[in-house]
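Contents: one structure, followed by commentary.
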Amino acid sequence: MAFSSIIGQNEAKGRLGAALTGSPGHAYIFAGPKGIGKTTLATAFAKALLCEHPSISGSCDQCPSCHYFDQQAHPDFRNIRIDGKEKVIKVERVRQSVCADLNLQPQLGKRKVYLLAGDDLNEQGQNALLKSLEEPPEYACFLITAVGTDHLLATIVSRAGLILLRRSTPAEIETILSRQKLNDSGNIAFYARFSGGLPGVAIDLAGSDWFGDLRRETVRFYSRLSQTSRTALLTSGYQFFDDNRPHAQDILDILSSLIRDQLITLYNPKPEILANPDCWSELAAMHKTTHHAAKEESERLTRAFTALLAARRGLALNASFESLICHLLLVLRKELSYA
């Protein structure tokens with residue numbers, strides 16, 4: 001997998017390409033939020049490190065080493081992640097798959113590469129890995145993926161080069177999504193913006209068999225919310241959340257994106273900058289039904305958005321689901337009825 005096949009992350013790819021043409025370090029940490037593409041880029045770098053003819057653009061994709069790698073049969077590559085139902089990578093696996101394996105010379109080329117999921121390593125596993133990082137053989141290279149460095153031992157961080165991945169632009173994510181087989185391929189622009197710059201999140205949501213339907217139901221719920229009576233809101237409205245309780249956070253995220261878009265259309269009615277461009281006409285029409293000033297409408301929408309953020313925090317802290325949702329619905333009705 002040459003770096004050119006990876007959309008975005010030009011700064012990180014540039015650093016890694018320069019390392020390939022010089023003297024690569026013995027350890028790298030690929031850091032960034034879940035879904036940003038850490039494992040994808042680290043895997044491409046691992047392939048290039050083992051490639052017989054690497055360049056600044058990554059692997060050649062033609063040599064025997066690249067073919068073995070593509071077939072997941074490279075004898076000098078170890079991908080160490082959670083196995084089955086494990087919650088962490090067991091320290092015994094680190095000792096066997098890394099520490100003991102380091103004593104064996106490379107079989108195919110001049111390097112051995114170890115890709116490890118750093119977030120799945122507990123302190124014992126990291127301490128076992130540290131012994132190998134301190135005095136590794138010259139042919140060993142360690143690639144560690146992690147959301148951040150806080151979870152990792154300072155002694156591990158100090159011995160590795162840090163590769164920080166940046167969030168992708170909506171245009172980059174649209175390009176990535178266009179290459180995928182998706183269940184909801186008609187709303188690529190929405191997923192590119194809703195995912196918050198995380199390609200993995202966009203792919204998972206657009207490829208799921210439930211999110212597209214949930215979003216459409218949530219949009220309908222939002223469009224009718226301000227005209228719904230208190231009684232109906234606390235019965236059928238609450239039932240909507242209760243029926244979708246496992247995805248309550250997703251509903252709140254969708255509602256937040258709709259309110260954000262409604263705020264944008266208040267001052268800048270351009271569909272191409274919305275998270276929900278397919279809802280532009282519906283959101284813009286909501287402003288035509290009000291005689292209130294834009295400032296007051298903006299303040300009410302902001303209070304509704306703040307209520308959604310508070311509900312998200314409450315759910316994360318395991319607050320009473322029924323009380324939290326009922327309170328949220330009443331606040332949204334109050335603010336959106338006048339927005």
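Just so it is clear, the structure is predicted and the values come from calculations on it, not from any experiment.
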So how far is it from [X] [atom1] to [Y] [atom2], rounded to the nearest 0.5 Å?
X      : Y      : atom1 : atom2 : answer
Leu49  : Leu20  : CG    : CG    : 5.5 Å
Asn276 : Asn187 : CG    : CG    : 9.0 Å
Ile259 : Tyr222 : CD1   : OH    : 4.5 Å
Ile254 : Leu308 : CD1   : CG    : 11.5 Å

Do any N or O atoms from the side chain of [X] and from the backbone of [Y] form a donor-acceptor pair under 3.5 angstrom?
X      : Y      : answer
His26  : Glu135 : no
Tyr139 : Leu102 : yes
Arg167 : Gly196 : yes
Arg193 : Pro170 : no
Gln9   : Arg166 : yes
Ser97  : Val94  : no
Asp261 : Ala275 : yes
Thr175 : Ala171 : yes
Lys38  : Gly32  : yes
Lys112 : Pro137 : no

Exercise for review: Could you list all the side-chain hydrogen bond (donor to acceptor under 3.5 Å, both in side chains) pairs where at least one residue sits in residues 54-63, not counting sequence neighbours?
Suggested key: Lys47-Asp61, Ser59-Asp61
Practice item. Flag the pair Arg93 and Asp83 as a salt bridge only when some basic side-chain nitrogen lies within less than 4.0 angstrom of an acidic carboxylate oxygen. Key: no
**Study point:** Pair Arg312 + Asp253, salt bridge at N-O below 4.0 Å
**Key:**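 Asp253 and Arg312: salt-bridged.
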Exercise for review: Measure across Leu108 and Asp76 and return the closest heavy-atom pair with its distance rounded to 0.1 Å.
Suggested key: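 That would be N-OD2, 2.9 Å.
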Check your understanding: Should Arg15 and Glu11 be marked as a salt bridge (charged side-chain N to carboxylate O under 4.0 Å, His left out) after you check the CA-CA gap, both sets of side-chain angles, and the distance that decides it?
Key -> CA-CA 6 Å; Arg15 286 187 58 191; Glu11 181 181 344; over 6 Å; no
